[in-house]
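Following: one structure in structure tokens, then a few remarks.
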Amino acid sequence: MPELPEVETIARGVNKRIRGDRIAHVWFDRHPQPFKTPRTRQAKGLEGAAILAVHRTGKHIVFELSSSGSAPNAFESGALKPDSHERKALRPDSHERKALRPDSQWIVHLGMTGRLLVTTPESPVAPHTHARLTLASGRELRFVDPRRFGRLEFRDLRRGDAFGAPGDEPLTIGANEFAALFRGRRLYIKAALLNQTLLAGVGNIYADESLFHAEIRPRRRANRVTRAELDRLRLALRQILTHAIRLGGSSVSDYVDADGARGFFQLEHCVYLRTGQPCRRCQTPIRRVVVAGRGTHFCPKCQR
DNA sequence: CATTTCACCTGGTGGC
DNA sequence: TGCCACCAGGTGAAAT
């Protein structure tokens, strides 16, 4: 479901809750699709691992794990109750953190409809729950994904297998590097924005919204977009993505963060899913076409 | 090689 | 109410 702002929101939420916790037990369902790494190897790698940090790369959520020198965990000694405000004591302090290096990673891609939820074990298990990770604190991390386009992957860093998104991060890329991405490419600019090997994290919503704000038609050929327009596009992307993160992402249908809370950026969409409605700037009806196999929304007057 | 299309899934919506 | 077509935030394999 999610693009960069939604994935960032979820990764931050999960990190805040379970950083410093430990994976005590893993349950996976029988559907094979989500498991990029075989289910058994994945379970073996995860069980017992300490969660050092959770962060986002492109549209992927990366769990940094330490399976060998497991993190000191106050729950195991029974010194702490899992639900209290004392949870913060779980986080390794700076001195401890320095000593702990991740030796493996768990990579979660949410596909179209995936969710990661931190729950209590008693909370009812939603349909299409494919993974339940019982944590040492007693809570659970659940992966729910009706359409099963999401993927789970385990990487052993001792085999030099670190995860890296192929594309550049749209929030940090410089103007020259950004312009270079599109040089000599004849595909539609919209298709180029969706290509994760060029930019990592832009999906259908933010491609349409950024093209609107940069006043570029989605069907322009990437190599025919001028440098000035590309500069506008880069800034529009950065601004929109940053703003959307601040609002907790776009909740188009059922997107929720790790707490089950909805985002608010959908209220500010100018073109996405607004077919036939008046453009917020010029009142011209928004049009929908199909580009790169995806519904594509634009203002025929504002975007050239 | 670059680019486009299609298959993979379930669920919600709106027309008849 | 039921049935059907169409739509949906993603990606990678196959075809062109």
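In the text below, chain A, chain B and the rest are named by the order of the sequence lines, each starting its count at 1.
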Query raised in the report: For every nucleotide of nucleotides 11-16 of chain B, 5' to 3': is a protein heavy atom under 4.0 Å from its base (B), only from its sugar-phosphate (S), or from neither (-)?
Result: S-----

Given atom [atom1] of [X] and atom [atom2] of [N], what is their separation to the nearest angstrom?
X	N	atom1	atom2	result
A:His269	C:dA8	NE2	P	14 Å
A:Met112	B:dC6	CE	P	16 Å
A:Asp29	B:dT10	CG	P	12 Å
A:Arg294	C:dA8	CZ	C1'	9 Å
A:Asp208	C:dG10	CG	P	10 Å
A:Asp145	B:dC9	CG	P	12 Å
A:Phe35	C:dT11	CZ	P	19 Å
A:Leu199	C:dT11	CG	P	12 Å

Query raised in the report: Is it true that atom CZ of A:Arg159 has more than 12 heavy atoms of other residues, nucleotides or ligands lying nearer than 6.0 Å?
Result: no

Query raised in the report: A:Glu3 side chain: which of C:dA8, C:dG10, B:dC9 is closest?
Result: C:dG10

Report summary line: Closest to the side chain of A:Lys36, out of C:dG10, B:dT10, C:dG12, is C:dG12

Which pairs, protein N/O on one side and nucleotides 3-5 of chain B N/O on the other, fall under 3.5 Å?
unit_1 : atom_1 : unit_2   : atom_2 : d
B:dT3  : OP1    : A:Arg186 : N      : 2.8
B:dT3  : OP2    : A:Arg185 : NH1    : 3.3

For the [atom1] atoms, the ones on [N] and on [M], what distance do you get once it is rounded to whole angstrom?
N	M	atom1	result
C:dG12	B:dG11	C1'	23 Å
C:dT11	B:dC1	P	22 Å
B:dC6	C:dC6	P	14 Å

Query raised in the report: Under the salt bridge (Lys or Arg N to Asp or Glu O under 4.0 Å) test, which residues partner A:Glu64, sequence neighbours left out?
Result: none

Query raised in the report: Who are the salt bridge (Lys or Arg N to Asp or Glu O under 4.0 Å) partners of A:Lys36, not counting sequence neighbours?
Result: A:Glu153

List for me each residue that meets side-chain hydrogen bond (donor to acceptor under 3.5 Å, both in side chains) alongside [X], sequence neighbours excluded, and say none if there are none.
X	value
A:Thr37	none
A:Asp231	A:Arg227
A:Glu8	A:Arg12, A:Arg56

Report task. Could you list all the ring pair (Phe, Tyr, Trp, His ring centres under 6.0 Å) pairs where at least one residue sits in residues 133-168 of chain A, not counting sequence neighbours? Result -> A:His60-A:Phe163

Query raised in the report: Can you find a donor-acceptor N/O pair under 3.5 angstrom joining the side chain of A:Arg147 to the base of B:dC9?
Result: yes

Report task. Would you check if there is a donor-acceptor pair between the side chains of A:Asp156 and A:Ser104 at a distance under 3.5 Å? Result -> no

Query - C:dT11 base stacked by A:Phe149 (centroids within less than 5.5 Å, tilt under 30°) - result: no

Examine [N]: is either OP1 or OP2 under 4.0 Å from a nitrogen or oxygen in the side chain of [X]? Give yes or no.
X	N	result
A:Gln33	B:dC8	no
A:Arg148	B:dT10	yes
A:Arg151	B:dC8	no
A:His109	C:dT11	yes

Query raised in the report: When we call it a touch if two heavy atoms are under 4.0 Å apart, what does A:Tyr206 touch: a base, just sugar-phosphate, or nothing?
Result: nothing

Query - Partner residues of A:His269 under the ring-ring contact (aromatic ring centres under 6.0 Å, His included) criterion, sequence neighbours left out - result: A:Phe265, A:Tyr272

Requested in this report: Specify the residue among A:Leu273 and A:Gln196 whose closest nucleotide of DNA chain C lies further upstream toward the 5′ end.
Outcome: A:Leu273

Report task. Walk me through it: do A:Asp21 and A:Arg139 pass the test salt bridge (Lys or Arg N to Asp or Glu O under 4.0 Å)? Result -> CA-CA 10 Å; A:Asp21 213 329; A:Arg139 294 169 297 174; 2.9 Å; yes

Requested in this report: Might you work through the ring-ring contact (aromatic ring centres under 6.0 Å, His included) test for A:Phe28 and A:Phe35, ending with a clear yes or no?
Outcome: CA-CA 9 Å; A:Phe28 289 140; A:Phe35 301 98; 4.8 Å; yes

For a quick test of your reading: what N or O donor-acceptor pairs under 3.5 Å do the side chains of residues 234-241 of chain A make, sequence neighbours left out?
unit_1   : atom_1 : unit_2   : atom_2 : d
A:Arg234 : NH1    : A:Ile173 : O      : 2.9

Query raised in the report: How does DNA chain B read in dot-bracket, base by base from 5' to 3', with Watson-Crick or G-U pairs under 3.5 Å and | used when the partner is on another strand?
Result: .|||||||.|||||||

Report task. Mind jotting down which residue pairs meet the side-chain hydrogen bond (donor to acceptor under 3.5 Å, both in side chains) criterion with at least one end in residues 281-295 of chain A? Sequence neighbours excluded, please. Result -> A:Glu215-A:Arg281

